[in-house]
Amino acid sequence: LGLLMAVLLTLWLRRGAPTSPERAGVLTGIAAGSSGIFTFALHCPHNDILHIGLWHTLAVAVSAVLGRLIVPLAIRW
């Protein structure tokens, strides 16, 4: 579901002219990772703070880095 959000946000950014494509990529990655983790957390059987704090946060951080690397290339005009 996070990947779907990333694609939709990237297509939306292509219609505009972002002044900072790198920042737009990071924010797209954070939004995509957050929506994916939100959906996954509804069904995640692990409820301890270490799991949530480490693995769920790590997934959002990886999404932000990937967004920073991929999105600016996809929205170049």
Side-chain angles (χ1 to χ4, degrees):
L1 214 53
L3 186 59
L4 175 66
M5 178 66 74
V7 169
L8 290 174
L9 287 173
T10 303
L11 290 174
W12 180 65
L13 283 171
R14 286 180 61 99
R15 296 185 69 200
T19 57
S20 177
E22 292 81 15
R23 185 180 309 151
V26 169
L27 294 175
T28 299
I30 290 172
S34 297
S35 67
I37 286 300
F38 173 75
T39 306
F40 181 72
L42 294 175
H43 304 289
C44 185
H46 305 289
N47 233 1
D48 57 306
I49 193 70
L50 182 63
H51 171 78
I52 293 170
L54 179 65
W55 295 110
H56 292 218
T57 304
L58 186 63
V60 173
V62 168
S63 296
V65 169
L66 288 175
R68 165 63 177 85
L69 296 174
I70 295 170
V71 172
L73 299 174
I75 62 174
R76 292 256 181 246
W77 45 275

Tell me, please, which residues at least two apart from Leu4 pass side chain to side chain contact (heavy atoms under 4.5 Å, CB included).
Leu1, Leu8
The criterion is side chain to side chain contact (heavy atoms under 4.5 Å, CB included); which residues satisfy it with Asn47, sequence neighbours excluded?
Ile52
Partners passing ring-ring contact (aromatic ring centres under 6.0 Å, His included) against His43 (at least two apart in sequence or in another chain):
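Listed in chain order: nothing, the list is empty.
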Show every side chain to side chain donor-acceptor pair (under 3.5 Å) that has at least one partner inside residues 53-72, sequence neighbours left out.
His51-His56
If Ile, Leu, Val, Met, Phe, Trp and Tyr residues are connected whenever their side-chain heavy atoms lie under 4.5 Å apart, and connections chain through other members, are Leu9 and Val26 in the same group?
no
Return a table of donor-acceptor pairs under 3.5 angstrom between the side chains of residues 12-22 and protein atoms on other chains or two or more places apart.
from	atom 1	to	atom 2	distance (Å)
Arg14	NH1	Ala74	O	2.4
Ser20	OG	Arg23	N	3.4

Check residues 29-40 and write down every donor-acceptor pair under 3.5 Å in which the side-chain atom is one partner and the other belongs to a residue at least two apart or another chain.
from	atom 1	to	atom 2	distance (Å)
Ser34	OG	Ile30	O	2.8
Ser35	OG	Ala31	O	3.3
Ser35	OG	Ala32	O	3.0
Thr39	OG1	Ser35	O	3.0

